[in-house]
Protein chains: 2
Amino acid sequence: MIETDELLSIRAAELYYEENKTQDEIGGVLRLTRWKVGRLLAQAKANGFIRIEIVHPRARRLPVERRLRDATGLTDAIVVSTAGVSGDDELQSRTAQAAADYLTSLRPIPRTLGISWGRTLHDVSVHLAPGWASGVNVVQINGGVSLNKRPGTAATTAVTIAQKAGGAATLLPSPAILERLETKRAIESDRAVAAVLEMASGASAFLYSAGQADENSAHVDSGYLHPDQVTELVRKGAVGDIVGRYIDSNGNIVDPALDERTVGIRLDQLRAATTAIAVISGRSKHPVARAIVGSGLCTVLVTDEDTANAILDDSP
Amino acid sequence: MIETDELLSIRAAELYYEENKTQDEIGGVLRLTRWKVGRLLAQAKANGFIRIEIVHPRARRLPVERRLRDATGLTDAIVVSTAGVSGDDELQSRTAQAAADYLTSLRPIPRTLGISWGRTLHDVSVHLAPGWASGVNVVQINGGVSLNKRPGTAATTAVTIAQKAGGAATLLPSPAILERLETKRAIESDRAVAAVLEMASGASAFLYSAGQADENSAHVDSGYLHPDQVTELVRKGAVGDIVGRYIDSNGNIVDPALDERTVGIRLDQLRAATTAIAVISGRSKHPVARAIVGSGLCTVLVTDEDTANAILDDSP
DNA sequence: GCATTTCTCGCTCATATGAGCAGTCGCAAC
DNA sequence: GTTGCGACTGCTCATATGAGCGAGAAATGC
């Protein structure tokens, strides 16, 4: 009889959801009372036979967001749906859009926003609507000006975000990683740089993304690291980088010597922040995402459904 | 504003379908009246942003069935859902199950059921429940006893269906295709064979499947045709075979000479039948399916969603 | 074989929802 | 200006649906 009931619940669901019949009408067709039909329908839902999907680029997955918040202690989680997504680019774009939306609705409005740079952050800047806020000053929180392939993208990102909020952008005029420790110390003590770093430390909110640790890393692309160096970092346990610093799956610095030569705010500063928004999407970034969330490097995560599920599968 | 409304309708849908909030509550969250929320939800549905799927092996697609009936003039159409299907085997199995269900609920119960043989029909016989009907006699409608790889499957199919209905099976003791026309004439005039063929002609319902026209055809497998012969048939426009006869996309016999040597009921007999149930599933059979439905070779089609859509895309 | 527990059914009642309608606003033509 | 049209809003009212309840059936334990 349990078998029969399951089949009946499917027949009822077909009539209810696909033919838009009322439960009473279905009762007529299947020779059941309308209460029985209601129960069958409830059963079909409970068994997971009814799948409802919201197919839209801006759709979010609220239940996943909640589970993420509950499981990880994040202040907030934004999870975009992957339903109907065509490729990695679209996923990235959806996530960036969601980050832009989140930033726009963020209260209190940050007076100073510290940002990193990269493909993702650039996308976010593009998706922000002009006038998304007013009087927000933007400051870069890690180095990396000149060596980029397309020089100036890092700067453009910061400037765009600031401009659209009617605020000023403060750039960090320093490479991401220096070759010698002394040079790094020297540049850090330079007035221009020190002032920016101080401003960055005092930002009321941070927005950053993460890079994977492999030959496609932005650091390799822009010449700060040699592919072999990345391989070596991976061997030591690196899963990716945030604000230029390579971390392992526990969120710890992988190579302290290298890290010492990296210009930008430190991870403990990020951990201490009231609002640190990480924007991460794509299969290849699941490991970094896990590390970041697991070690409290962000208070807010903006990501895609798959990444969120990867984190959830991991944590309990 | 139209942009904003679309986004709002998505937010409303998230809260309604994923968080199970009432429209009133959603109104509270989004600062809208509950009527506005209702309208946004209706809009989201109308725009196709809400996709509801019934995920179950026995799920059917009633709207597609109706469109099929309307577009083709079939008496009945059974379309199984492909949602969550893992492979071709499962699709085949789901379709066979549906055919078995249809047969079980068929009214009036046929006194004599004419059947073909093959993988699909075998599957149907397996899925039929014992006692699915009472007193139904089964008769084979095309030849093909001995040459099979696993001799006896054709017979087993017929016997199983009959047995489970408490009736008798009548086998057609003849090869599917004979090498010489005279032999075919001779065997047809043999009392044993002629009697079966006559019984087949008078069956109150027919149940058959179709084969694709390529090197995987059952006729090649069982040695009735050489792969080259099939290639030649394809060159002449063959899209597949039903009850052993190769047809083109218009449902016409491709090779009259070959057809003359094929033992079984003729296509015009099938076309004249009150109830002729075709069971067809799988990508490779889309062309035959189109031909069969398009040329009125069946009154009832049991198939999968993809095949149904292929037929629908074709017809208007 | 009987008592007890658990399920299931059909119901009442409260609530959620959709249809339809009148009022209002913005806009354009006169 | 004003008059008419169309889109939209917030309402009333009818209907569809879900929660909860008590009676009886079925399963379980003794």
Any donor-acceptor pair under 3.5 Å between the side chain of B:Arg39 and the base of D:dG10?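 Such a pair exists between side chain and base.
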In whole Å, what is the span from the [atom1] atom of [X] to the [atom2] atom of [N]?
X       : N      : atom1 : atom2 : value
A:Leu40 : D:dG18 : CG    : C1'   : 15 Å
A:Leu41 : D:dA16 : CG    : C1'   : 12 Å
B:Ile26 : C:dA16 : CD1   : C1'   : 11 Å
B:Arg34 : C:dA19 : CZ    : P     : 13 Å
A:Asn20 : C:dA19 : CG    : P     : 11 Å
B:Leu32 : D:dC11 : CG    : P     : 14 Å
B:Gln43 : D:dT9  : CD    : P     : 10 Å
A:Leu8  : C:dT8  : CG    : P     : 14 Å

Output, in order, the C-alpha distance, side-chain angles, deciding distance and verdict of side chain to side chain donor-acceptor pair (under 3.5 Å) for A:Asp304 and A:Thr307. CA-CA 6 Å; A:Asp304 63 82; A:Thr307 307; 2.8 Å; yes
Return no unless some side-chain N or O of [X] is found under 4.0 Å from OP1 or OP2 of [N].
X       : N      : value
A:Tyr16 : D:dT17 : yes
A:Gln23 : D:dT15 : no
B:Thr33 : D:dC11 : no
B:Lys36 : D:dT9  : yes

Can you find a pair of side-chain heavy atoms, one from A:Tyr208 and one from A:Ile292, that are under 4.5 Å apart?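 A side-chain contact under 4.5 Å exists here.
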Check for a donor-acceptor pair, side chain of A:Glu305 on one end and backbone N or O of A:Thr82 on the other, with a separation under 3.5 Å.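 Indeed, once roles are kept as given, a pair shorter than 3.5 Å links the two residues.
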Give a yes or no on whether a salt bridge exists between B:Arg94 and B:Asp89, defined as a side-chain N under 4.0 angstrom from a carboxylate O.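 Judged by the 4.0 Å cut-off on N to carboxylate O distance, B:Arg94 and B:Asp89 do not form a salt bridge.
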Side chain of A:Trp35 only, heavy atoms from C-beta on: which candidate in D:dG10, C:dT12, C:dG18 is closest?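 That would be C:dT12.
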